[in-house]
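Have a look at the structure below before the remarks.
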Amino acid sequence: MNKYRTHNCGEIRKEDIGKTVKIAGWVQTVRNLGSLVFVDIRDQYGITQGITSGESELVELVSHIPNESTVSIEGKVRERSDKNPNMPTGDVEIVIDKVEILGKRLKDLPFEVNSDKEVREDLRLQYRFLDLRNEKLKQNILLRAKIIQFIRSKMIEKGFTEVQTPILTSSSPEGARDYLVPSRVHPGRFYALPQAPQQFKQLLMVSGIDRYFQIAPCFRDEDARADRAPGEFYQLDVEMSFATQEDVFEVMEKVMYDTFTEFSDKKVAEYPFPRITYKDAMLKYGSDKPDLRNPLIIKDITEVFQDMEFNAFKNKTVRAIVTENIENQTRKFFDDMVSFATTEAGAKGLAWVKMLEDSTLQGTIAKFIDEKHKKMLIEKTGVKPNSAIFFVADEDSEVSNIAGEIRKELGKRLDLIEKDIFRFCWIVDFPMYELSDEGKIEFCHNPFSMPQGGMEALENKEPLDILAYQYDIVCNGIELSSGAVRNHDPELMVKAFDIAGYSKEVIEEKFKALFNAFHYGAPPHAGIAPGIDRMIMLLTDEINIRGVIAFPMNSKAQDLLMGSPGSVTEEQLRDVHIKLDIKDNK
């Protein structure tokens, strides 16, 4: 028998009435009514009420136990006179015979645990062990464990083998800054923490592991966002031999659908999920991670304004967003949208017109639209009476992103976003290359991707016209994962990297093992890596990723609980052959 408890706090029920039980947990509240003292004891499984009465030493002891102390209480279960229908244990209570204080709270609490009061995030992170006692956060972490266990079982069920890959590896240019670890036994040399197990999982394919998966930690020195944790995150890392893009989609759609239906009461859109090309996504939604719950579609109407005498749209790409049933929207609504566009969406302006009940146009550019162009506008946009058109005009490189922000904001302000549903989609046919801000050709998505058209495309097409077998899976406007069919041909790899400005010598140096392995009979292979943290964010309706991570860093990549990053001793630095040269910033 356990020394401290015979039952968990949340397990006591009516059928236990008359039994002598022992429970252990944290003191949530003490209510002293004089000769009658109530105490709520909480553990991971729930809360049970204990009661003492009379003028005994026991009453005195219980009434002075600081809340959030840990105790063990023993006594007989009886039916409560004041039942609490909101608690699983609300029909019963324990008449306390014995109490033992196991861990007394000796310091004042920095904030109230399980309180609705707002607490500064830096304080919550500094005392994360207390913050994790908060019921909502604790349930997020417990749910996280269940989701990971479920995903693991699904992958094994589908014939995947779980393989752990190294944490200490070599630095390679994979898109983000590496975290470097100096070597003690190899002066001047460094390990790197893996940005992802990318090369290792491809090496596993070459080694003959047919279907690999891993709940993998990834380390990237990136700035934080609401949906991105700085420092480290976890992903469901997946790779398949002798597989095409569609093979990956078939597996992942079922895993995603099963996971989201298992852990949410919301509807999950059926698979197969829609396939949207990158080009169409940027045109219709203004984003490569579109939220399909928003019904608004962006349309290109550049040709409508080509011969119009309206200077603001001259030599510009023009996009339009039609919103219906706006007869009740005041002028303030439109002015507020203009303000949003110019202050938050990066637009130089936002033109608009309303089509009234009699089909006449009213709005900021209505006077420039004659009957000929009005007809063209109706044909291109499908605008109807009691609808409005918002116009975004800018350079081709900017207009999609701006229109995408306007689309999202209109969806929110007009309350058009579908409720209680998860809508997934695949974004496919990403460009193999893109131009950097400096005008240099660089990889758009993943340097290990297979170009569509193979060597012929690499040799004969303009780099910016080459598409790749690359894909993202998106849910409700959040990118959950990137993936690709891999380039497993050494000659193709050399040519692909050459276009991006990397010589064969660079490949041999930075990707030595992978490049070498591809000379020994590599199978075609493809993979993907959905973000575990983002999936759980969606399933818990959290707006910040830190709400689903037990011990997260703050937005400045600091662990306020453990005090990292921290300083180390001169002796530790000498061991790894490092001498600091820090400029005085004062």
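The structure presented is a predicted model; accordingly, all values stated were derived computationally and were not measured.
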Is [Y] close to [X] at the side-chain level, that is, under 4.5 Å between some pair of heavy atoms?
| X | Y | answer |
| --- | --- | --- |
| Leu480 | Val474 | no |
| Lys289 | Ile427 | no |
| Asn386 | Met355 | no |
| Gln199 | Phe511 | yes |
| His488 | Pro523 | no |
| Ile528 | Gln235 | no |
| Glu459 | Met455 | yes |
| Phe515 | Pro490 | yes |

Just one of Gln202, Arg486, Arg211 clears the side-chain hydrogen bond (donor to acceptor under 3.5 Å, both in side chains) bar with Glu239, so which one?
Arg486

Would you call [X]-[Y] a salt bridge at under 4.0 Å N-O?
| X | Y | result |
| --- | --- | --- |
| Lys201 | Asp237 | yes |
| Lys372 | Asp370 | no |
| Lys495 | Glu491 | no |
| Glu222 | Arg177 | no |
| Asp394 | Arg319 | no |
| Glu479 | Arg225 | no |
| Asp227 | Arg546 | no |

Rounded to the nearest 0.5 Å, how far apart are [atom1] of [X] and [atom2] of [Y]?
| X | Y | atom1 | atom2 | value |
| --- | --- | --- | --- | --- |
| Leu296 | Asp291 | CG | CG | 10.5 Å |
| Ile421 | Leu292 | CD1 | CG | 10.0 Å |
| Leu538 | Thr259 | CG | OG1 | 12.0 Å |
| Phe213 | Glu162 | CZ | CD | 4.0 Å |
| Ile298 | Ser400 | CD1 | OG | 7.0 Å |
| Ile507 | Asp498 | CD1 | CG | 8.0 Å |

Applying salt bridge (Lys or Arg N to Asp or Glu O under 4.0 Å), run through Asp533 and Arg144 and close with a yes or a no.
CA-CA 8 Å; Asp533 309 292; Arg144 179 190 181 102; 2.9 Å; yes

Parallel, tilted or perpendicular, judged at 30° and 60°: which one describes the rings of Phe333 and Phe390?
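Perpendicular, since the angle between the ring planes exceeds 60°.
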
Indicate the ring-plane relationship of Phe424 and Phe273, choosing parallel, tilted or perpendicular according to the 30° and 60° boundaries.
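Aromatic pair Phe424/Phe273 classed parallel.
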
Can you check whether [Y]'s main-chain N or O pairs, donor with acceptor, with [X]'s side chain at less than 3.5 Å?
| X | Y | answer |
| --- | --- | --- |
| Ser241 | His525 | no |
| Ser449 | Asn446 | yes |
| Thr540 | Ile536 | yes |
| Lys510 | Ser171 | no |

Side chains of [X] and [Y] only: does a donor on one sit below 3.5 Å from an acceptor on the other?
| X | Y | value |
| --- | --- | --- |
| Tyr278 | Gln470 | no |
| Thr165 | Gln214 | yes |
| Glu456 | Asn460 | no |

Might you work through the side chain to side chain donor-acceptor pair (under 3.5 Å) test for Gln452 and Asp429, ending with a clear yes or no?
CA-CA 9 Å; Gln452 296 185 21; Asp429 296 347; 2.9 Å; yes

Do [X] and [Y] have their ring centres less than 6.0 Å from each other?
| X | Y | value |
| --- | --- | --- |
| Tyr179 | Phe219 | no |
| Phe190 | His186 | no |
| Tyr471 | Phe430 | no |
| Tyr433 | Phe443 | yes |
| Phe368 | Phe313 | no |

For Asp210 and Met240, run side-chain contact (heavy atoms from CB on, under 4.5 Å): C-alpha distance rounded to whole Å, both residues' side-chain angles, the deciding distance at 0.1 Å, then the answer.
CA-CA 6 Å; Asp210 187 58; Met240 303 166 62; over 6 Å; no

Heavy-atom closest contact (Ala176 atom, Gln195 atom, distance)
O-NE2, 2.7 Å

For residues Ile321 and Ala403, report the shortest heavy-atom separation together with the two atoms involved.
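It is CD1-O, 3.6 Å.
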
Test side chain to side chain contact (heavy atoms under 4.5 Å, CB included) applied to Val251 and Met256, Lys158, Lys154, the passing residue
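Of the listed options, the one satisfying the test is Lys158.
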
Verdict with supporting geometry, Asp258 and Glu262, side-chain contact (heavy atoms from CB on, under 4.5 Å)
CA-CA 6 Å; Asp258 288 350; Glu262 177 72 16; 6.0 Å; no

According to salt bridge (charged side-chain N to carboxylate O under 4.0 Å, His left out), does anything in residues 397-418 pair up with another residue at least two apart or in another chain? List the pairs.
Glu405-Lys408, Glu409-Arg413, Asp415-Lys419, Glu418-Arg423

I'd like to know whether Asp247 forms a side chain to side chain donor-acceptor pair (under 3.5 Å) with Thr244, so could you lay out the CA-CA distance, the side-chain angles of the two residues, the decisive distance to 0.1 Å, and finally the verdict.
CA-CA 5 Å; Asp247 293 321; Thr244 65; 3.1 Å; yes

Between Lys266 and Asp541, does a side-chain contact (heavy atoms from CB on, under 4.5 Å) hold up when you go through it step by step?
CA-CA 11 Å; Lys266 294 182 181 180; Asp541 285 323; 2.8 Å; yes

Carefully, step by step, assess Phe391 and Trp352 under the rule ring pair (Phe, Tyr, Trp, His ring centres under 6.0 Å).
CA-CA 6 Å; Phe391 303 90; Trp352 59 270; 9.8 Å; no

Derivation and outcome, side chain to side chain donor-acceptor pair (under 3.5 Å), residues Trp426 and Glu253:
CA-CA 10 Å; Trp426 292 101; Glu253 285 179 344; 2.8 Å; yes

Under the salt bridge (Lys or Arg N to Asp or Glu O under 4.0 Å) criterion, do Lys380 and Glu303 qualify, and how do the steps go?
CA-CA 10 Å; Lys380 279 286 185 182; Glu303 66 178 84; 3.1 Å; yes

What's the verdict on side-chain contact (heavy atoms from CB on, under 4.5 Å) for Ile478 and Asn476, showing C-alpha distance, side-chain angles and the deciding distance?
CA-CA 6 Å; Ile478 293 179; Asn476 291 4; 5.8 Å; no

Think Lys440 forms a cation-pi with Tyr502, using NZ or CZ under 6.0 Å from the six-ring centre and within 45 degrees of its axis?
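Checked: cation-pi criterion met.
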
